[in-house]
Protein chains: 2
Amino acid sequence: MTDVPDNEHTPSGPGKRPTINDVAHLAGVSKKTVSRVINRVATVGEDVRERVDNAICALGFTPNLQARSLAFRRSFLVGLIYDNPSPTYVVNMQLGVLDALGPLGFELVVHPCSREAPSLLDDIRGFVERQRLAGAILPPPLSEDERIIALLRELGCRYVRVAALALDEPEAMVTTNDQLGAAEAARWLVDQGHRRIALVRGPSSFCSSEVRGQGFLSALAERGITLDPACDVAGAYTFESGVEMGHRLLGLADPPTAIFALNDDMAIGVMQAARERGLDLPAQLSIVGFDDLPMAARVWPNLTSVRLPIREMGNMAALKLLAPIVGDALEPLSLPDVRPALVLRQSAIALPGAEPPR
Amino acid sequence: MTDVPDNEHTPSGPGKRPTINDVAHLAGVSKKTVSRVINRVATVGEDVRERVDNAICALGFTPNLQARSLAFRRSFLVGLIYDNPSPTYVVNMQLGVLDALGPLGFELVVHPCSREAPSLLDDIRGFVERQRLAGAILPPPLSEDERIIALLRELGCRYVRVAALALDEPEAMVTTNDQLGAAEAARWLVDQGHRRIALVRGPSSFCSSEVRGQGFLSALAERGITLDPACDVAGAYTFESGVEMGHRLLGLADPPTAIFALNDDMAIGVMQAARERGLDLPAQLSIVGFDDLPMAARVWPNLTSVRLPIREMGNMAALKLLAPIVGDALEPLSLPDVRPALVLRQSAIALPGAEPPR
DNA sequence: CTGAAAGCGCTTACAG
DNA sequence: CTGAAAGCGCTTACAG
């Protein structure tokens, strides 16, 4: 009474996917050998491998991930664990990670969480244990939290950290070289004739703020310029704090002709403060930000800003994470370049009356 | 020579997690009964259930997800399949979905893809089949693609669509009522005395553009206002197209006093066009957008815009998706409200000389 | 280089 | 209401 004949070599019924057994029967080998072919174990005869590959194609077989995960005691999932307030950052990092995962047959599980939460560590522990992650990727600021790193080590969960500084061994790090971008901004401003320059830092607890600030000051020093302490202030990486610091700097007896804010949110806050004080932008004040958010190209005047290749950084993190797992499936790991770049727009210009840059 | 005594009731060795067998032994029942307790099957004696619960607590047992996935032939993963250019939208939807998934023990796998890609359907098929998703959530514009819906049905994959219109049965839909927000914007502009009003639509292929436009026109009509056809234009939901349409509208012999753009990117483009034409904003032109991007509060003048509760929409989608799966674990499904709201800022003001609103 | 057996940790199907 | 057996589809450990 069944339309489909019961055949032990081909799976029957709708929704039935072929298994490793079907492939083994069709190729005339044991399932263990099929398993070896799937897992690219070298010690399989050329002719046998070809028979198996043909059978796999003929049946349209794809190994069941759940079964492999159970037997391997590890899933084919990579976790992105983050506490980052910037949607653009998060989405671009996800895209970069997926660029690498897709071809390797891994998927991305996202796990936003809160640094402040008392349950942070328990939360991450539960996530990693339940999912038996193949690995975790940690963007800043979570990448700077050594408690989390210690936890991942304890759980035996591989990880890669993304941070402005090399906080870990190279295999477990993507270092973003923020200091290079900040230095480029400094040099550019000096070349435009600016001498009285101000810096709006982020919270000192953020590695990125320290590294960017350091890069900026060093580059200025190389040009023989030191910052007036009154021109070295810190906000909270937020728009509102940018407004506040902008007012503080522009209210100085001898206000700066240029302000470098260590992220775009604060730079746009500075812009707002300048406008509230009736300044003509960019004629009376040059402003440079960091991050190159989409917003930077939309505000008026368009914001000159340092761009980090977030997507490439995510890609690199994923490649480093999976390199030891997938082995030969990966080319000699051609890692993308992740150097920052200054994107010139209208918010920063040459100081009126300045010499043209050398 | 082993420090840890081998005991069949407690797992030994580091990294060894207790299994259902350990719980069964400790509670003095079969593993099947433990399974019943885990899965909240009703037919378990009260005393037995308590013994099992105690054993679970004592051992710190959590069921192995990989094993359950294999036996259930379904994972505990929800897929978010999208092709949405707005990072803010994507991140907020992810957060909303996770608000619901976390407490239920499910995780979120993100799957961005491209509508244009010829491999779109194969790509989605592979994703859904390999992961054996518990379900998929589709935000616009993918939610409007009936080919994808047909595919998911064929694969037996549960789904919930998020869209401006009710495109599916209520259990599989989160309808965002965009027309209500557009109507609110229309009424507000009219109340401020505006009569010559323009509309910048998005692509007609987007459901959201049609629904928002419809809501806007209807509300104007109720106040006895019809749009001059020259004031009804369409962009591409991009900043650049907003600039272009802004110039077209402001170049009319009798330009509008207010422009409603169906998303913020275009509204900010219109703002740019107005500035390029030397208009004084908002005095000479009121502008209203839709989406309430973070940028809306940062541009100058701040953009009045319609906000959609994206996070709540994601939450609602996830709750609807899992309701039939988790059953009683869910309260009588107290679904959040997902009505849009007009956020008043500085970019739109009363027409000079207009009567104060009723 | 290849394979038969046992196992990963759960659930389904069937009894009782 | 509870359980012993078989099974989900793979891999590990051990042989040969």
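Only a predicted model underlies this, so the values are computations on that prediction, with no experimental measurement involved. Within every chain, numbering begins at 1; the chains are lettered A, B, ... in the order of the sequence lines, protein sequences first and strands thereafter.
Between the B:Lys320 side chain and the B:Pro170 main chain, a donor and an acceptor come within less than 3.5 Å of each other. Between the B:Arg115 side chain and the B:Leu142 main chain, no donor and acceptor come within less than 3.5 Å of each other.
Shown here are the side-chain hydrogen bond (donor to acceptor under 3.5 Å, both in side chains) partners of A:Glu144, two or more places apart in sequence or in another chain: there are none. By the side-chain hydrogen bond (donor to acceptor under 3.5 Å, both in side chains) test, B:Arg51 is found to be paired with no residue, residues two or more places apart in sequence or in another chain being considered.
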*For DNA chain D, just give me the dot-bracket, please: Watson-Crick or G-U, both distances below 3.5 Å, ( ) intra-strand, [ ] crossing earlier pairs, | paired with another strand, . unpaired.*
|||.||||||||.|||
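Evaluation of the side-chain hydrogen bond (donor to acceptor under 3.5 Å, both in side chains) test over residues 63-74 of chain B, restricted to residues two or more places apart or in two chains, returns B:Asn39-B:Arg68. Among residues at least two apart or in separate chains, ring pair (Phe, Tyr, Trp, His ring centres under 6.0 Å) pairs with a member in residues 119-149 of chain A are A:His111-A:Phe127.
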*How does protein contact run along nucleotides 2-13 of chain D, one letter per nucleotide 5' to 3', with B for base contact, S for sugar-phosphate only, - for none, heavy atoms under 4.0 Å?*
BBB---BBBBB-
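In this structure, A:Ile149 CD1 and A:Ser143 OG are separated by 7.5 Å, a value rounded to the nearest 0.5 Å.
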